[in-house]
Amino acid sequence: MAMNYNAKEEDGHHHSGVGPGAGVKSKKPDNTAFKQQRLPAWQPILTAGTVLPAFFVIGIIFIPIGIGIFVTSNNIQEFEVDYTGIEPDNPCYKCSNISWNSTPCVCFINFTLDRAFESTVFMYYGLSNFYQNHRRYVKSRDDSQLNGDKNSLLNPSKECDPYGTSNGKPIAPCGAIANSMFNDSLSLYQFVNGVQMNITLNNKGIAWWTDKNVKFRNPTGNASDLAEVFKGTTNPINWRKPVYELDPSDPENNGFINEDFIVWMRTAALPTFRKLYRLIEKKDAYPALAPGNYSLRVEYNYPVLSFDGRKRMILSTISWMGGKNPFLGIAYITVGSICFFLGVVLLIIHHKYGNRNTSADIPS
């Protein structure tokens with residue numbers, strides 16, 4: 001029996017492929033400080049003396065900051081007019097079914113400002129249910145073309161398809177973002193003693209400096225004759241005029257460096273957004289917009305019913321923290337309040353149970 005057992009053992013060694021004297025590779029990690037976890041380490045020891053002060057300090061700091069931000073946000077004046085025209089009683093209802101190639105429709109919306117807008121007023125247009133953050137939409141542009149590259153001007157990137165060419169000509173600017181550029185024209189009037197006075201709207205300084213001076217440039221050539229510079233290209237499908245006629249009165253605000261165009265090309269992260277349209281600057285000691293009756297003139301060109309969108313005009317002042325945003329103040333107050341509350345609760349628990357001896361009683 002012993003001989004049979006040894007034979008089987010040898011046979012087993014023969015089939016396993018492990019010959020006599022062959023060493024088995026060790027799976028033990030190398031004897032280094034890193035692999036043997038001998039590196040020096042530090043971790044906080046959480047005690048009542050460190051945790052409780054941290055909660056109270058966070059609460060004491062965050063709550064006043066939150067209150068300050070919230071009050072500042074509430075002091076920002078803002079007025080909004082929805083001019084989509086979906087409701088039959090809206091003055092722009094007659095224009096709501098317009099399409100891209102329709103004749104422009106003009107409507108007027110009257111409103112009243114009860115309080116003066118003392119400082120410079122920022123005039124925005126707002127869109128809802130417009131997903132500028134869609135992956136294919138965001139990629140549908142040619143940054144080299146927008147930066148003035150002559151080769152990209154005549155040979156747009158494939159990323160622009162199907163808005164790269166039209167009727168055999170390259171589109172400038174190409175892509176879905178440019179093709180869907182907001183093109184409503186807004187004007188503002190004030191009624192003074194029954195007389196309609198035009199409010200001056202400034203279209204300079206509405207784009208980021210880096211966009212205006214670095215990212216967007218017209219192709220090289222005669223800046224006073226952009227029609228020649230853009231020769232051989234065509235305008236986007238949904239545009240009524242070529243890019244070199246966006247602001248023909250001002251060569252510094254025409255073509256790819258037009259500020260309305262630059263503002264639109266900076267895509268929004270959320271489906272409901274606003275973009276800066278114009279500035280209403282304060283003059284001397286007078287408020288930018290005095291209390292009274294106003295009229296918004298809308299040249300209605302931009303269709304939104306196809307995607308159930310809405311359009312708004314927003315008038316707003318700003319503060320040191322930017323525009324109106326109550327969420328940030330509420331977030332600070334909420335976090336500070338929770339930390340302070342937890343600090344009180346843990347302090348009570350520590351005071352009541354912290355000194356209790358938890359070790360088992362040993363009978364004498």
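A quick note: this is a predicted structure, and the numbers were derived from the prediction, not measured.
- For N31, the side chain to side chain contact (heavy atoms under 4.5 Å, CB included) partners two or more places apart in sequence, or in a different chain, are Q36, R38.
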For residues 226-234, which side-chain donor-acceptor pairs fall under 3.5 Å, sequence neighbours excluded?
unit_1	atom_1	unit_2	atom_2	d
T233	OG1	F230	O	2.6

Expected list for residues 113-131: side-chain donor-acceptor pairs under 3.5 angstrom, two or more places apart:
unit_1	atom_1	unit_2	atom_2	d
S128	OG	R312	NH1	3.0
N129	ND2	F307	O	2.5

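- Residues satisfying the side-chain hydrogen bond (donor to acceptor under 3.5 Å, both in side chains) test with N133, not counting sequence neighbours, are none.
- In this structure, the side chain to side chain contact (heavy atoms under 4.5 Å, CB included) partners of L146, at least two apart in sequence or on a different chain, are R141, D143, P173, F216, F256, F261, M265.
- Residue pairs meeting the side chain to side chain donor-acceptor pair (under 3.5 Å) criterion with at least one member in residues 262-271, sequence neighbours excluded: D211-R266.
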Using distance only, find each side-chain donor-acceptor pair of residues 92-99 under 3.5 Å and give its atom names and separation, not counting sequence neighbours.
unit_1	atom_1	unit_2	atom_2	d
K94	NZ	V106	O	3.3
S96	OG	Y93	O	2.9
S99	OG	S102	OG	2.6

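- Under the side chain to side chain contact (heavy atoms under 4.5 Å, CB included) criterion, S306 pairs with no residue, sequence neighbours left out.
- In terms of the side-chain hydrogen bond (donor to acceptor under 3.5 Å, both in side chains) criterion, Y332 has no residue partners (sequence neighbours excluded).
- Residues satisfying the side-chain hydrogen bond (donor to acceptor under 3.5 Å, both in side chains) criterion with K204, sequence neighbours excluded, are D250.
- Pairs passing the side chain to side chain donor-acceptor pair (under 3.5 Å) check and including a residue from residues 156-166, sequence neighbours excluded, do not occur.
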Using residues 58-75 as the side-chain source, report each donor-acceptor pair under 3.5 Å to any protein atom, sequence neighbours left out, with the distance given to one decimal.
unit_1	atom_1	unit_2	atom_2	d
T72	OG1	G68	O	2.8
S73	OG	N325	N	3.0
N75	ND2	V71	O	3.3

